[in-house]
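Both backbone and side-chain heavy atoms feed into the values below; hydrogens, waters and symmetry mates do not.
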Amino acid sequence: MAKSRKGFGMGVGAGIAGLLLLALLIGLITVYSGGYNVAATEPHSPVSRWALNTTMHNAVEARAPGEEDLPPLSVADIAAGAGAYKAMCEHCHGGPGAERADWAEHMLPMPPHLTEAAAEWAPNEMFWILQNGVKMSGMPAFGPSHSDEELLNIVAFVDRLPAMTADEYADLSAQGGHGGEGHEH
């Protein structure tokens, strides 16, 4: 009886190894043949979309600094982040009463409307995304070219976006970020 269990276990192990080898072979054929359509005019399959979104959310959550590591965000930070958001983010993400640029409508993945999507991210996660960007999404890394203070101001502004009215957005954007000094480091 013990011999048949051992043989069964070896058979299962060999079957799993064979399936993994087959998956690797199919993957290599797909990569080298150009079999996956990378055109931004073709939507991702549901499985691809799920895999990319789940990977991004889990990767950001795992790498973002702790919420306690960020300084408290203030009303002045929101005002200071308004101009930067309008200049750097609105063309892709839009804002309350402000649509994204026409060309951004054809990006794949499409940049989320942050008036809705910002609610699913904690400030520390938004900060990490702004600092590091997101591969294969069009989201650039602003950390190499902007100070932490500038990025935290944008985080404060984006964190407020889901509750912001179109009039509030227009007023803050018109101030160009001159409504406050931002937080002190």
- prompt: Within the distance-only criterion (no hydrogens, no angle test), does the side chain of Glu150 pair as donor or acceptor with the backbone N or O of Ser147 below 3.5 angstrom?
  reply: yes
Over all atoms of both residues, closest heavy-atom pair of Ala104 and Pro111: O-CD, 3.8 Å
query: How about Glu68 and Asn124: does a side-chain donor come under 3.5 Å of a side-chain acceptor?
result: no
task: Measure the spacing between CG of Leu130 and CE of Met126 and express it to the nearest 0.5 Å.
output: 8.5 Å
field: His44/Trp50 under ring-ring contact (aromatic ring centres under 6.0 Å, His included): CA gap, chis, key distance, verdict
entry: CA-CA 9 Å; His44 288 297; Trp50 171 83; over 10 Å; no
- prompt: Phe157 vs Tyr169 aromatic rings, parallel, tilted or perpendicular, using cut-offs 30° and 60°?
  reply: tilted
- prompt: Atom CD1 in Ile154, atom CG in Asp159: separation rounded to 0.5 Å?
  reply: 13.5 Å
- prompt: Does the side chain of Tyr85 come within less than 4.5 Å of Leu172's, by heavy atoms?
  reply: no
message: Applying side chain to side chain contact (heavy atoms under 4.5 Å, CB included) to Met56 and Met136, what does each step give before you reach the verdict?
response: CA-CA 11 Å; Met56 182 189 73; Met136 297 186 289; over 6 Å; no
- line: All heavy atoms of Ala39 vs all of Asn37, minimum pair found to be N-OD1, 2.9 Å
query: For Leu73 and Pro123, which heavy atoms make the closest approach, and how far apart are they?
result: CD1-CB, 4.2 Å
query: Is there a side-chain contact between Leu24 and Leu20 (heavy atoms, below 4.5 Å)?
result: no
- request: Would you confirm whether Asp77, through its side chain, and Ser74, through its main-chain N or O, come within 3.5 Å as a donor-acceptor pair?
  value: yes
query: For the hydrophobic clusters of this structure (ILVMFWY residues joined by side-chain heavy atoms under 4.5 Å, transitively), does one cluster hold both Leu114 and Met107?
result: no
query: Going only through I, L, V, M, F, W and Y residues with side-chain contacts under 4.5 Å, is there a path from Leu151 to Val134?
result: yes
- prompt: Are any of the side-chain heavy atoms of Met164 and Leu161 separated by less than 4.5 Å?
  reply: yes
Beyond-backbone contact of Glu120 with Glu125, side-chain heavy atoms, under 4.5 angstrom: no
- prompt: About how many Å separate CD of Gln131 and CG of Asp148, when rounded to the nearest 0.5 Å?
  reply: 5.0 Å
statement: One should read off an interatomic distance between His113 NE2 and Cys92 SG, to the nearest 0.5 angstrom, of 11.0 Å
message: Test your reading of the model: is there a side-chain donor-acceptor pair from Arg100 to the backbone of Gly94, 3.5 Å cut-off?
response: no
- prompt: Do you reckon Leu52 sits in the same ILVMFWY cluster as Met110, going by side-chain contacts under 4.5 Å, direct or chained?
  reply: no
- request: Look at the side-chain heavy atoms of Ile, Leu, Val, Met, Phe, Trp and Tyr, link any pair under 4.5 Å apart, and say whether Met88 and Phe127 land in one connected group.
  value: yes
message: For the CG atom of Asn58 and the CZ atom of Arg63, what is their distance to the nearest 0.5 Å?
response: 10.0 Å
